[in-house]
Amino acid sequence: HVRPFHSSAYGTSPSRNVNVVMISTPILLFLFYSQVQSLPRSHSDDNPIVVTPREGVPIEPMLFGVNDIIGPVNPIPYDSPQLIQTVQSLNLGGMRYPGGTVANYWNITSGRYVAKCNASCCTAFGSMVNKFPIGTFSLANMASTEGMSSYTMAGKPLIDLNCLTQTSAALIDQLDLLDPTCNSGCLIELANELYLNGEDYIATFPTVDDYIKYIQPVVSKIREKFPKAIISVPAGNSGSATSLAKKPLPSNRQTHWITGLANRSDLFDAITIHDYTLNSGYLNNKTKEYWPSIIAAFPDGLYKV
């Protein structure tokens, strides 16, 4: 018995049930429930394969969400009629504010990147963001903008907090900005992909124990202030996380990160798993004769060729 967070896949820890959050970038996952009638496979019109849809069933709205990045990467004011129309036409179940990697360098109060940021997202997009008044892309402004709030903040807002480039004390002070957004329950991610070998990530959190020490007071405050909130922590990519349950992985940062989190599963309700979609980078080092098989079997096919 687990609560859907952002996916239909779930995992468990020895001490409690833990949700698994699958972040698929850059496409959305759409589910279609159907029943296939078994017939001989044939391209002939005389023996077609018939797909008969079953009666519809309720689906967790948050399955149909997108990574926000409106502001950090695409600086479009939230009250833009075109933006509001686009969001409404997609019928989104939620938006992840402010996004993924950008969240590690974002100030949700000012709606800008943190000062003295040399990360690629800051250098690429910071100047464009700073052309707008302070607060334009803040969490508070997003939550209060008519036409955006009903799609992005109502129900189960998903907020990715910056644990990388600010102190835990500063982050705790920012939790007031989640009020009243999270009073009825929200989904809170504590940073993005910190298990990777990024220079900033290793410098701030050399080990998963350093990360756990950082989030402990933050989690305590969230539990106190927003008892209905679901807290998620970054755990790894789909390959490392799912394979860990089947066989030991080579000793590396991701492996230590996942196992370390498993020992402190009392601190969180869910883990965030990044499941990246296929792109040309996966194929360039393979001969073309293998491409159809890799695409058909992705991601497993990538590692078996």
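Values reported hereafter were calculated over all heavy atoms of this structure, with side chains retained and with hydrogens, waters and symmetry mates removed.
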Discussion item. With salt bridge (charged side-chain N to carboxylate O under 4.0 Å, His left out) as the criterion, how do Lys225 and Asp176 come out once you've worked through the C-alpha distance, each side chain's angles and the decisive distance to 0.1 Å?
Written reply: CA-CA 9 Å; Lys225 191 171 181 62; Asp176 288 336; 3.3 Å; yes

Distance check, rounded to the nearest 0.5 Å: [X] atom [atom1] versus [Y] atom [atom2]?
| X | Y | atom1 | atom2 | value |
| --- | --- | --- | --- | --- |
| Gln166 | Leu161 | CD | CG | 8.0 Å |
| Met142 | Ile159 | CE | CD1 | 9.5 Å |
| Asp210 | Ile215 | CG | CD1 | 12.0 Å |
| Leu139 | Trp106 | CG | CH2 | 11.5 Å |
| Thr207 | Ile202 | OG1 | CD1 | 11.5 Å |
| Thr204 | Leu194 | OG1 | CG | 8.5 Å |

Between [X] and [Y], what is the shortest heavy-atom contact and its length?
| X | Y | result |
| --- | --- | --- |
| Ile230 | Ala270 | CG2-CB, 4.5 Å |
| Ala235 | Ile258 | O-CG1, 2.8 Å |
| Pro217 | Ser168 | CG-OG, 4.2 Å |
| Pro206 | Ala203 | CD-O, 4.1 Å |
| Ser138 | Ser110 | CB-C, 4.3 Å |
| Tyr211 | Pro234 | OH-CD, 3.3 Å |

With heavy-atom distances below 4.5 Å as the criterion, would you say the side chains of [X] and [Y] are in contact?
| X | Y | value |
| --- | --- | --- |
| Cys121 | Val102 | yes |
| Leu178 | Ile188 | yes |
| Cys117 | Thr165 | no |

Donor on one side chain, acceptor on other, [X] and [Y], under 3.5 Å:
| X | Y | result |
| --- | --- | --- |
| Asp200 | Tyr105 | yes |
| Asn104 | Thr101 | no |
| Glu189 | Thr272 | yes |

Worksheet item: Judged by atom type as modelled, is there a donor-acceptor pair below 3.5 Å linking the side chain of Ser80 to the main-chain atoms of Ile76?
Response: no

Worksheet entry | Under 3.5 Å: donor-acceptor pair, side chain of Arg112, backbone of Pro133 | no

Discussion item. For Glu289, give me all partners under salt bridge (charged side-chain N to carboxylate O under 4.0 Å, His left out), at least two apart in sequence or on another chain.
Written reply: none

Worksheet entry | Asn252/Thr255 under side chain to side chain donor-acceptor pair (under 3.5 Å): CA gap, chis, key distance, verdict | CA-CA 5 Å; Asn252 57 34; Thr255 305; 2.8 Å; yes

Discussion item. Set out, in order, the CA-CA distance, both residues' side-chain angles and the distance that settles side-chain contact (heavy atoms from CB on, under 4.5 Å) for Leu171 and Gln174, then state yes or no.
Written reply: CA-CA 5 Å; Leu171 178 52; Gln174 287 185 343; 3.9 Å; yes

Discussion item. Holding to side-chain hydrogen bond (donor to acceptor under 3.5 Å, both in side chains), I want the full list of residues that pass it with Tyr214, two or more places apart in sequence or in another chain.
Written reply: none

Item to complete: Might you work through the side-chain contact (heavy atoms from CB on, under 4.5 Å) test for Arg253 and Tyr201, ending with a clear yes or no?
Response: CA-CA 11 Å; Arg253 180 173 172 85; Tyr201 301 171; 4.1 Å; yes

Discussion item. Applying side chain to side chain donor-acceptor pair (under 3.5 Å) to Arg96 and Asn67, what does each step give before you reach the verdict?
Written reply: CA-CA 5 Å; Arg96 185 186 184 213; Asn67 215 27; 2.9 Å; yes

Worksheet item: Counting only heavy atoms not in Gln85, do more than 12 fall under 6.0 Å of its CD?
Response: no

Worksheet item: What's the verdict on side-chain contact (heavy atoms from CB on, under 4.5 Å) for Val218 and Leu190, showing C-alpha distance, side-chain angles and the deciding distance?
Response: CA-CA 9 Å; Val218 178; Leu190 296 179; 4.1 Å; yes

Practice prompt. Apply the test side-chain contact (heavy atoms from CB on, under 4.5 Å) to residues Leu196 and Gln254: give CA-CA distance (whole Å), side-chain angles for both, the deciding distance (0.1 Å), then the verdict.
Written response: CA-CA 7 Å; Leu196 295 179; Gln254 285 199 39; 3.8 Å; yes

Worksheet item: When hydrophobic residues are tied together by side-chain contacts of less than 4.5 Å, even through go-betweens, does Ile69 share a cluster with Met128?
Response: yes

Practice prompt. Say whether Leu90 and Tyr97 are linked into one hydrophobic cluster, either directly or through other cluster members, by side-chain heavy-atom distances under 4.5 angstrom.
Written response: yes

Worksheet item: Does the distance from a Lys or Arg side-chain N to an Asp or Glu carboxylate O, for Asp269 and Arg223, drop under 4.0 Å?
Response: yes

Worksheet entry | Qualifying residue, where the test is side-chain contact (heavy atoms from CB on, under 4.5 Å) with Leu267 and the options are Val233, Ile212, Ile231 | Ile212

Discussion item. Going by the rule ring pair (Phe, Tyr, Trp, His ring centres under 6.0 Å), which residues pair with Phe137 if we only count those two or more places apart in sequence or in a different chain?
Written reply: Tyr78, Phe132

